[in-house]
2 protein chains.
Amino acid sequence: MRPREFDHDDVLRIAFDQFWRKGFRGTSLSDIARDAGVQRGSLYNAFGSKEALFLQAYRRYAADYLALLQKALGAGSLRNRLAAFFDLTIANFCSGSPPRGCPTTRGLMELGAAEGEGLDEEARQTFANLISHITTLVQDALSAGAERGEFKGNPEAAALHIITVTRGLAVLERAFGDEAQLRKIAAHTVDLVLDKANETVSRKQAR
Amino acid sequence: MRPREFDHDDVLRIAFDQFWRKGFRGTSLSDIARDAGVQRGSLYNAFGSKEALFLQAYRRYAADYLALLQKALGAGSLRNRLAAFFDLTIANFCSGSPPRGCPTTRGLMELGAAEGEGLDEEARQTFANLISHITTLVQDALSAGAERGEFKGNPEAAALHIITVTRGLAVLERAFGDEAQLRKIAAHTVDLVLDKANETVSRKQAR
DNA sequence: TTTTGTTTTTGACACGATGTCGAAAAATCA
DNA sequence: TGATTTTTCGACATCGTGTCAAAAACAAAA
């Protein structure tokens, strides 16, 4: 057995950084190999394919990100939990310079319609999986809030709505790159879901 | 002057059909050339570059789509207008087999972080432009509805919210491919915005 | 210590895509 | 009919992915 000359986790980190900034198709294995100081062939030997490397790197990210969200959604009033959730989400999209956007959303849009082109069905499930997990976290927070009387709607529908908004924010980030606008939309969403939209609007219209 | 042997508009239609189904990066000029019965070089001669061809084709789509939305948002009660708007949006995302998704959202996610890779700044503005136009249409409908007492919130904030949801629907379509779920989210959004969420929830919980 | 064996590394190859360029072909105008 | 202009065609350079076989490096057995 000849030992590997590079660190598996280092390469995953370096690879995901590139994938995040430039997307799956926009990142070449040559780029990653150069950055990691490894030969291209070694990457194929260690990971099998560009897609397999991406999935390993992405799953790492997904697990870490999910843990952060869980923490944000686990303390304080429901309103504060949702605010923290959106804060983290937007900070994630706008991190880096230039902002890197949302890897999940980008990945979903890079799915290939045909065979061989772009990411495939396994990737789709991996992305969908993270979204489902996040939805569950949000729904749990809403259910807990409902029991404490902080929320009187349908947790399932509201959670889906909130997730949809976060996905929309990921898209608007690419379109306008205006973090302040994203925060406004998020705040408005929290208001809507917690049924305080009207008071908020009145305050805004009063000034 | 020798006249062109192919129809400019035909090629645009054929090209956009491929771009829509397979994305910008997933579509090769060879594909388009084969489908259109034209040589690859002729496409470069007529359009300049793959990106220029995409932009021409996309702008056609955007103009047509915007006209449809305008029509949907221009008749009936505010609730019906918004419902028609979401119907059209979702039908657009789910059209084709397999569903083609949202070309705007996909395009935004295919923007290149670096130079030369993927779509560039001009494309970003083109996408952002369509989104802005649609936002204006929705906002106008909400303002009109507000005057007629069908809506009592802030039209600007509500329009932005609705647009964000449509972008989110485009992403969820890719993740889950469940048109019925998209319709549910859309209906819930209309309820939220028109401030009927609670009654609706009560009805749902009653059954 | 030497040998054997296994895995990694390395470089070359095949293939396909983009984009450019020059030569050939074709159609219109004079 | 002939000249000119534009299109078309095919070849080329470059870059990306993915595969393969040979070389290299280490571990363990003899």
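Keep in mind that the numbers below use all heavy atoms, side chains included, and drop hydrogens, waters and symmetry copies. The shown structure was predicted, so the numbers you read here are calculated from the model rather than taken from an experiment.
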*Closest to the A:Ser30 side chain: D:dT8, C:dT18, D:dT17?*
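When the side chain of A:Ser30 is considered, D:dT17 is the closest of D:dT8, C:dT18, D:dT17.
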*Return yes if some donor-acceptor pair links the side-chain N/O of A:Lys50 with the main-chain N/O of A:Phe24 below 3.5 Å, else return no.*
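Looks like yes, one N/O pair under 3.5 Å.
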Output the rounded distance in Å from [atom1] ([X]) to [atom2] ([N]).
| X | N | atom1 | atom2 | result |
| --- | --- | --- | --- | --- |
| A:Phe6 | C:dT8 | CZ | P | 8 Å |
| B:Glu51 | C:dT20 | CD | C1' | 18 Å |
| A:Phe24 | D:dG16 | CZ | C1' | 12 Å |
| A:Tyr44 | D:dG18 | OH | C1' | 5 Å |
| A:Arg40 | D:dC15 | CZ | P | 13 Å |
| A:Arg34 | D:dT17 | CZ | P | 11 Å |
| A:Leu43 | D:dG16 | CG | C1' | 14 Å |
| B:Phe54 | C:dA17 | CZ | C1' | 18 Å |

*May I have all residue pairs that pass ring pair (Phe, Tyr, Trp, His ring centres under 6.0 Å) and include part of residues 59-85 of chain A, sequence neighbours excluded?*
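Residue pairs passing ring pair (Phe, Tyr, Trp, His ring centres under 6.0 Å), neighbours aside: A:Phe16-A:Tyr61, A:Trp20-A:Tyr61, A:Tyr58-A:Tyr61, A:Tyr61-A:Tyr65.
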*Kindly state each residue pair satisfying ring pair (Phe, Tyr, Trp, His ring centres under 6.0 Å) with at least one member in residues 161-180 of chain B, sequence neighbours excluded.*
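Every ring pair (Phe, Tyr, Trp, His ring centres under 6.0 Å) pair that includes a residue of residues 161-180 of chain B, provided the two are not neighbours, is A:His161-B:His161, A:His188-B:His161.
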Residues, nucleotides or ligands: over 12 heavy atoms within 6.0 Å of [X] [atom1]:
| X | atom1 | answer |
| --- | --- | --- |
| B:Glu179 | CD | yes |
| A:Glu121 | CD | yes |
| A:Gln181 | CD | yes |

*Any pair counted as side-chain hydrogen bond (donor to acceptor under 3.5 Å, both in side chains), so long as it reaches residues 29-38 of chain B, sequence neighbours left out*: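 The answer is B:Gln18-B:Asp35, B:Lys22-B:Asp31, B:Ser28-B:Asp31, B:Asp31-B:Arg34.
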*State, to 0.1 Å, how close A:Ala175 and B:Arg124 come at their nearest heavy-atom pair, and which atoms those are.*
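Here A:Ala175 and B:Arg124 meet closest at O-NE, 2.9 Å.
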*With sugar-phosphate meaning primed atoms plus P, OP1 and OP2, does A:Ser42 contact a base, only sugar-phosphate, or nothing at under 4.0 Å between heavy atoms?*
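If one applies the 4.0 Å heavy-atom cut-off, A:Ser42 turns out to touch a base.
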*Has B:Gln39 got a side-chain N or O lying under 4.0 Å from the OP1 or OP2 atom of D:dT7?*
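The answer is no; no side-chain N or O of B:Gln39 sits under 4.0 Å from OP1 or OP2.
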Give every pair of a protein N or O atom and an N or O atom of nucleotides 20-26 of chain D that lie under 3.5 Å apart, one pair per line with the distance.
unit_1 : atom_1 : unit_2 : atom_2 : d
D:dA24 : N3     : A:Arg2 : NH1    : 3.0
D:dA25 : O4'    : A:Arg2 : NE     : 3.4

_So, using side chain to side chain donor-acceptor pair (under 3.5 Å) as the criterion, who are the partners of A:Asp10 when residues are at least two apart?_
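Checked A:Asp10 against side chain to side chain donor-acceptor pair (under 3.5 Å); matches are A:Arg13.
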*Mind listing the residues from residues 8-16 of chain A sitting with a heavy atom below 4.0 Å of DNA chain D? Number order is fine.*
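Listed by number, there are none.
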